[in-house]
Colleague: 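Just passing along the structure, written as structure tokens.
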Amino acid sequence: MKAVALDIALEGDATLRLDVRGLAAADAVRLQPRGRGRDRALLARAEGVGELLRARVPLHELLSGQPLRWDVSLAQGERDEPLCSLPQPGERHFFSARLGEHGLSAYLSDSAESLVLYSAPREQHARVMADENARANFPRWLHELPLREDLVLFESFLGKTYAGNPRYLYEALRQARPDLHCVWAYQGHEAIPGDPPRVRRGSAEYYRLLAQAKYRVNNVLFPVHGRKPETVYLQTWHGTPLKRLGYDIDVAGPEADARDNLRREAAGWSLLLSANPYSTDILPRAFGYDGAVLEAGYPLADALRTPFADAAARAAALTALGLPEDRRYLLYAPTWRDDQPLGAWRFGFDLQLDLARISAALASDQVLLLKTHHLVAARLDAARLPPNVIDLSARDDVTELCRIADVLITDYSSVFFDFAVTGRPMLFFCYDLEHYAERIRGFYLDVPGELPGPVSRDTDELIAHLRDLPALGAAYAERYAAFQARFCDQHAGATARVIEYAFGAAA
């Protein structure tokens with residue numbers, strides 16, 4: 001018989017009482033903070049009260065200046081029994097209380113349906129509880145709230161950026177379909193043309209809009225699954241894959257762990273955008289997706305193919321980035337490393353590039369721009385960078401940096417597939433090639449043999465290649481042209497094709 005919490009209540013302002021049915025032989029109730037060491041567990045002695053066990057937990061032990069989630073179980077000697085609760089109607093957080101400057105609540109975990117207590121400073125607790133209650137209400141709202149025929153909800157990279165295919169699709173859509181009401185799930189600070197309404201990802205308003213929108217556009221995934229039958233969910237994805245994805249990954253890691261969740265999300269896609277036949281073959285298999293695929297090219301590639309109307313437009317773009325006009329720019333845009341986790345989808349990164357030596361090797365009019373991946377948590381100390389090295393990792397969109405870059409340096413990032421439409425030189429800095437291939441993800445292509453530029457294994461090699469760009473251009477011209485023919489032939493006019501297919505003309 002499962003241990004079941006029948007009642008959770010406050011006793012005065014100092015004690016939380018738990019009444020439990022199920023395992024009368026339990027010694028105590030154990031409260032274990034998630035992500036903390038076992039020595040931080042709290043033990044509350046359990047006593048028999050008729051057929052129940054009753055435990056009292058001092059509230060001061062639960063409350064902290066930092067948010068804490070406590071897994072609750074019954075301690076039976078050397079063994080713990082998860083503590084569940086009776087199904088509760090209404091909100092996910094079925095018990096809540098304000099305790100001075102703190103909030104405390106209880107809910108059932110998604111994975112094991114075991115009891116969890118959540119404590120945090122009062123304002124943060126109220127916000128998190130409201131968000132989690134709204135997420136639990138999403139299936140009901142999806143059924144009950146009416147469809148909004150003119151509503152388009154855009155999101156890019158988990159609501160963190162105004163970037164990628166959703167950005168360039170939005171900018172064209174607001175001109176082609178001004179009858180549509182566009183909303184961005186965006187928590188950043190960059191200006192968005194047209195100043196559309198913004199909503200915080202995970203908020204109650206967000207889940208209501210997600211339930212009601214006739215159109216959804218994303219390049220990763222939403223935090224909940226399911227849609228109305230009439231909803232058009234356009235999944236643009238975020239690159240032609242060099243690295244193995246989803247069900248094609250053979251080694252353990254965060255992407256492999258997340259693929260079942262992505263498969264559930266893919267079941268709700270109406271349309272998957274593909275940049276080329278190669279992606280059309282890989283993406284559905286890797287995602288476990290069997291729906292419609294639109295092989296139309298990527299909207300962001302249109303911005304790269306004809307980036308500026310004239311010199312004044314380029315100058316304006318550089319000014320917006322805080323960059324001088326009279327320089328040549330090299331962009332270093334590496335991807336993240338799955339094997340350096342720092343938290344939930346946050347990762348460390350070893351630069352490996354000797355910036356002082358690169359700086360000394362650059363011509364007097366050259367500047368190196370750095371753009372780390374949005375999943376990389378670490379940031380460089382700008383004060384310690386050489387004057388001709390600028391960290392622009394805080395910018396949302398790597399595409400706007402590709403537009404002004406004369407040379408791209410990357411590793412295994414899909415950015416080079418997009419940059420290839422420019423025809424400009426590309427260099428590959430792959431200091432961990434064997435490790436990445438064998439221990440992290442693996443590749444779909446032969447990295448040294450098929451990429452449209454030379455592969456450098458250390459800073460010395462990269463500097464040598466940078467000093468010989470004209471000769472490298474000639475040496476790699478045939479391979480570059482073949483690469484463009486294979487991966488970029490669908491790019492021109494992609495935005496118009498996607499809008500026509502997914503949104504149609506205004507009524």
Side-chain angles (χ1 to χ4, degrees), residues 87-88 90-93 107-114 116 128-149 151-161 164-166 169 183-187 199-238 245-249 253-274 283-294 344-345 375 502:
Q88 301 289 333
E91 307 292 4
R92 171 178 173 82
H93 288 248
Y107 67 92
L108 296 182
S109 68
D110 291 327
S111 56
E113 295 189 344
S114 58
V116 179
V128 170
M129 186 174 68
D131 290 352
E132 293 184 355
N133 285 341
R135 176 172 178 158
N137 281 327
F138 175 75
R140 178 171 61 82
W141 290 344
L142 193 63
H143 177 71
E144 294 177 357
L145 295 178
L147 182 75
R148 293 178 55 180
E149 292 279 355
L151 178 59
V152 189
L153 181 62
F154 285 90
E155 183 173 300
S156 174
F157 295 118
L158 310 178
K160 295 188 291 185
T161 69
N165 289 313
L169 187 59
V183 177
W184 267 89
Y186 177 55
Q187 294 160 237
V199 63
R200 179 172 57 84
R201 188 180 199 262
S203 66
E205 181 186 6
Y206 171 86
Y207 288 116
R208 290 191 184 95
L209 292 171
L210 189 60
Q212 293 186 271
K214 170 65 180 291
Y215 302 98
R216 302 176 183 175
V217 181
N218 205 335
N219 65 357
V220 187
L221 78 170
F222 293 107
V224 288
H225 308 310
R227 63 175 173 86
K228 294 179 183 293
E230 305 91 343
T231 296
V232 177
Y233 180 172
L234 172 61
Q235 172 56 246
T236 71
W237 202 238
H238 48 269
L245 296 171
Y247 290 99
D248 288 344
I249 299 175
E255 287 281 358
D257 295 340
R259 57 192 172 196
D260 287 344
N261 186 51
L262 186 55
R263 177 183 54 77
R264 289 189 290 272
E265 175 80 350
W269 298 346
S270 307
L271 192 63
L272 171 62
L273 184 60
S274 167
L283 295 181
R285 180 186 70 243
F287 298 147
Y289 172 70
D290 59 2
V293 178
L294 176 61
W345 292 103
L375 293 178

Colleague: When rounded to the nearest 0.5 angstrom, what distance separates CZ in R92 from CZ in R135?
Modeller: 7.5 Å
Colleague: Could you walk me through whether V232 and L271 pass the side-chain contact (heavy atoms from CB on, under 4.5 Å) check?
Modeller: CA-CA 8 Å; V232 177; L271 192 63; 5.7 Å; no
Colleague: Quick one: closest heavy-atom pair of R227 and Y233, and the distance?
Modeller: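 Nearest heavy atoms, R227 then Y233: CD-CB, 4.1 Å.
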Colleague: As an exercise, state the distance from NE2 of H93 to CG of N133, rounded to the nearest 0.5 Å.
Modeller: 5.5 Å
Colleague: Is any side-chain heavy atom of S156 closer than 4.5 Å to a side-chain heavy atom of W184?
Modeller: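 Contact flag for S156/W184 side chains = yes.
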Colleague: Working to the nearest 0.5 Å, report the span between CZ of F287 and CD of E265.
Modeller: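 Reported to 0.5 Å precision, the distance equals 11.0 Å.
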Colleague: Write down the atom of F138, the atom of H225, and the distance for their closest heavy-atom approach.
Modeller: CE2-O, 3.5 Å
Colleague: Of all the heavy-atom pairs spanning L147 and A213, show the shortest one and how long it is.
Modeller: CD1-O, 3.9 Å
Colleague: Is any side-chain heavy atom of N219 closer than 4.5 Å to a side-chain heavy atom of F154?
Modeller: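 Of all side-chain heavy-atom pairs linking F154 with N219, none is under 4.5 Å.
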Colleague: So does S109 get a backbone contact from the side chain of S114, meaning a donor-acceptor N/O pair under 3.5 Å?
Modeller: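 No: the side chain of S114 does not pair with the backbone of S109.
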Colleague: Shortest non-hydrogen contact from L209 to R148?
Modeller: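 Heavy atoms only, the tightest pair is CD2-NH1, 3.7 Å.
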Colleague: What is the minimum heavy-atom distance between A185 and L153, and which atoms define it?
Modeller: N-CD1, 4.3 Å
Colleague: Hey, are the side chains of K214 and L151 touching, using non-hydrogen atoms and a 4.5 Å cut-off?
Modeller: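 Sidechains of L151 and K214: no contact.
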Colleague: Between D260 and R264, is there a side-chain heavy-atom distance shorter than 4.5 Å?
Modeller: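 They are in contact (side-chain heavy atoms under 4.5 Å apart), so the answer is yes.
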Colleague: Can you tell me how far the OG1 atom of T236 sits from the CG atom of L294, to the nearest 0.5 Å?
Modeller: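 Rounded to the nearest 0.5 Å, the OG1-CG separation comes to 11.5 Å.
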Colleague: Are any side-chain N or O atoms of R259 and backbone N or O atoms of I249, one a donor and one an acceptor, separated by less than 3.5 Å?
Modeller: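 Confirmed, R259 side chain pairs with I249 backbone.
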Colleague: Do L273 and W237 make a side-chain contact, defined as non-hydrogen atoms from C-beta onward lying under 4.5 Å apart?
Modeller: no
Colleague: State, with a plain yes or no, whether a side-chain heavy atom of Y207 is found less than 4.5 Å away from one of P223.
Modeller: yes
Colleague: Looking at side-chain heavy atoms only, is the closest gap between L221 and L158 below 4.5 Å?
Modeller: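 Heavy-atom side-chain distance check passes, below 4.5 Å.
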Colleague: Given side-chain contact (heavy atoms from CB on, under 4.5 Å), test L169 with L234 step by step and report yes or no.
Modeller: CA-CA 11 Å; L169 187 59; L234 172 61; 3.5 Å; yes
Colleague: Can you name the closest pair of heavy atoms from T231 and S270 and give their distance?
Modeller: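 Nearest heavy atoms, T231 then S270: O-OG, 3.3 Å.
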Colleague: Can you tell me how far CD of E230 sits from CD of E149, rounded to the nearest 0.5 angstrom?
Modeller: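 Result: 7.5 Å between the selected atoms.
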Colleague: A cation-pi test, strictly: NZ or CZ of R216 under 6.0 Å from the centre of the six-membered ring of F222 and no more than 45 degrees from its axis. Yes or no?
Modeller: yes
Colleague: Less than 4.5 Å apart, side chain to side chain, heavy atoms only: is that true for L142 and K228?
Modeller: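 The answer is yes, as the side chains (C-beta and beyond) meet within the 4.5 Å cut-off.
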Colleague: Over 60° means perpendicular and under 30° means parallel, so classify the ring planes of Y289 and W269, tilted if in between.
Modeller: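 Judged by the thresholds at 30° and 60°, the geometry between W269 and Y289 is tilted.
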Colleague: Looking at CD of E155 and CD of Q187, how far apart are the two atoms once the value is rounded to the nearest 0.5 Å?
Modeller: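 If we round to the nearest 0.5 Å, E155:CD and Q187:CD are 8.5 Å apart.
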